[in-house]
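Heads up: the structure comes next, in C-alpha cells.
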Amino acid sequence: MTWLIVALAGLLGGTVQGLTGFGAVIMMMILLPNILPIDQSAGVAGVMMLGSVSTLVYRYHHAIKFRQIILPFLIYASVATGSVHLGHVLDVHLLRLLLGGLLVGLSLYFTLNHRGNTQPFPWYVAGCFMIVSGFFNGLFGIGGPLMALYFLSLAHSMPEYLNLQTFFLIDTFYITSIRVANGILTMQHIPLILIGMVGAVTGTVIASHVVTRLNIATIKRIIYVFIGLSGLYYLL
C-alpha cells in the first residue's frame with residue numbers, strides 16, 4: 001500500500017507539473033503525509049520530481065535565460081535555508097492558513113484582472129514573491145505558485161515560461177542537500193523516491209502530449225485556477 005501511494009503521488013504530481021509548470025509537490029503533499037512526517041514528505045516529494053523537471057529542462061533548454069534565474073534563486077534559497085529549521089518552532093497550521101488565503105486572493109485577482117496579468121511585477125512585489133516562496137519551500141516544499149506567477153509575468157510563450165523548471169532543478173539540488181545535511185532525508189527514503197520518480201516521469205509524459213496543443217493564454221487560465229485550488233486545499 002505504501003508503494004502504491006507513492007507511485008500515485010508521483011503520477012499526479014508529474015501530470016500537474018507538466019500541465020502548469022508547478023504544483024507537483026502540492027499534489028504529493030496531499031498523499032505523502034499519510035505515510036511520512038511532513039518534513040520528510042516535502043523532501044521525498046522534491047527529489048521524486050527530479051526526473052520530470054530534468055526532462056522539461058532538457059526539452060526546453062533553448063529557452064533558458066539564466067539572468068532571469070540567478071538573483072531570484074539567491075533570494076529564494078537564502079530564505080529557504082533558514083525556514084527548513086523552523087517547522088518545529090512555528091505554528092504550522094496558522095502558516096498553512098495564511099498561505100492558503102494568499103493563494104486564493106492572488107488567483108481571484110489575476111483571474112479577474114485581465115489587463116494586469118501580462119506585465120512584469122514591480123521589483124518589490126517580485127521580491128516578496130521570492131521571500132514568501134522560499135519560506136514555504138523550506139517548511140513544506142511548496143515554493144512553486146508564487147514563483148510560477150513571477151516567471152509567467154516574464155514569458156510570452158510556453159517554452160519561456162518553462163524556464164521556471166531550470167529554477168526548480170537548481171532548487172531541488174540545493175534544498176535536498178540542506179535536508180540531507182539535517183538528517184531529514186536518509187538512505188531509507190531512496191526506494192520510495194525511485195518508485196515516485198517512475199510515476200512522476202509517466203505523468204509528465206502524459207501531460208506533454210496535452211500541453212503542446214495549448215497556447216499561453218489558456219495555460220495562464222489553467223495556472224490561475226490551480227493556484228486558487230491549491231489555496232483552498234491549505235484553507236480546508
*asked:* Is there a side chain to side chain contact (heavy atoms under 4.5 Å, CB included) between Ile35 and Leu32? Walk through the geometry before answering.
replied: CA-CA 6 Å; Ile35 58 175; Leu32 293 182; 4.3 Å; yes
*Write down the atom of Ala7, the atom of Ile195, and the distance for their closest heavy-atom approach.*
CB-CG2, 4.0 Å
*Taking all atoms of both residues into account, what is the closest heavy-atom pair of Ala24 and Gly13, and its distance?*
CB-O, 3.3 Å
*Exercise: identify the closest heavy-atom pair between Gly134 and Ser83*: O-OG, 3.5 Å
*Find out whether Ile178 and Ile184 are in side-chain contact, i.e. whether some heavy atom of one side chain is under 4.5 Å from a heavy atom of the other.*
no
*Determine whether Pro72 and Met130 make a side-chain contact, defined as any pair of heavy atoms from C-beta on separated by less than 4.5 Å.*
yes
*Would you indicate whether the side-chain heavy atoms of Gln17 and Phe168 approach each other to under 4.5 Å?*
yes
*asked:* Please tell me whether Phe173 and Val44 are part of a single hydrophobic cluster in this structure, the criterion being side-chain heavy atoms less than 4.5 Å apart.
replied: yes
*Please, which pairs that meet side chain to side chain donor-acceptor pair (under 3.5 Å) have at least one residue in residues 126-137, sequence neighbours excluded?*
Tyr76-Asn137, Asn137-Asp171
*Where do Ala80 and Ile175 come nearest, in terms of heavy atoms and distance?*
CB-CD1, 3.9 Å
*Decide yes or no on side chain to side chain contact (heavy atoms under 4.5 Å, CB included) for Val25 and Met48, but give the supporting numbers first.*
CA-CA 9 Å; Val25 177; Met48 279 168 54; over 6 Å; no
*So, do Met28 and Leu12 sit near enough that their side-chain heavy atoms are less than 4.5 Å apart?*
no
*Is any side-chain heavy atom of Phe136 less than 4.5 Å from a side-chain heavy atom of Leu146?*
no
*So how far is it from Ile70 CD1 to Ile75 CD1, rounded to the nearest 0.5 Å?*
12.5 Å
*Could you go through the side chain to side chain contact (heavy atoms under 4.5 Å, CB included) check for Leu169 and Leu50 one step at a time?*
CA-CA 7 Å; Leu169 183 62; Leu50 187 59; 3.6 Å; yes
*Honestly curious: do Ile206 and Met49 fall in one hydrophobic cluster under the side-chain, below-4.5 Å linking rule?*
no
*Taking the side chain as every heavy atom from C-beta outward, state whether Arg179 and Gln40 have any pair of such atoms under 4.5 Å apart.*
no
_Please determine whether side chain to side chain contact (heavy atoms under 4.5 Å, CB included) holds for the pair Tyr150 and Leu164, giving the CA-CA distance in whole Å, both sets of side-chain angles, and the decisive distance to 0.1 Å._
CA-CA 9 Å; Tyr150 171 73; Leu164 171 67; over 6 Å; no
_Within the 6.0 Å centroid threshold, strictly below: Phe121 and Phe129_ = yes
*Which atom of Leu192 lies closest to which atom of Val6, heavy atoms considered*: O-CG1, 3.2 Å
*Are any of the side-chain heavy atoms of Leu232 and Val104 separated by less than 4.5 Å?*
yes
*asked:* In this structure, would Trp123 and Leu154 fall into the same cluster of hydrophobic residues linked by side-chain contacts under 4.5 Å?
replied: yes
*To the nearest 0.5 Å, tell me how far Thr172 OG1 sits from Gln165 CD.*
9.5 Å
*Reported CZ-to-CD distance for the pair Phe151 and Gln68, which is rounded to 0.5 angstrom*: 6.5 Å
*Is a side-chain N or O of Ser52 found less than 3.5 angstrom from the main chain of Val201, in a donor-acceptor match?*
yes
_Quick test of your reading: applying side chain to side chain donor-acceptor pair (under 3.5 Å), list the pairs with at least one residue in residues 22-32, sequence neighbours left out, ordered by first then second residue._
none
*Are Val198 and Leu8 connected in a single hydrophobic cluster, I mean Ile/Leu/Val/Met/Phe/Trp/Tyr linked by side-chain heavy atoms less than 4.5 Å apart?*
no
_Set of residues satisfying side-chain hydrogen bond (donor to acceptor under 3.5 Å, both in side chains) with respect to Thr81, sequence neighbours excluded_ = Tyr174
*Tell me whether Leu11 is reachable from Met197 by hopping between hydrophobic residues (I, L, V, M, F, W, Y) whose side-chain heavy atoms are closer than 4.5 Å.*
no
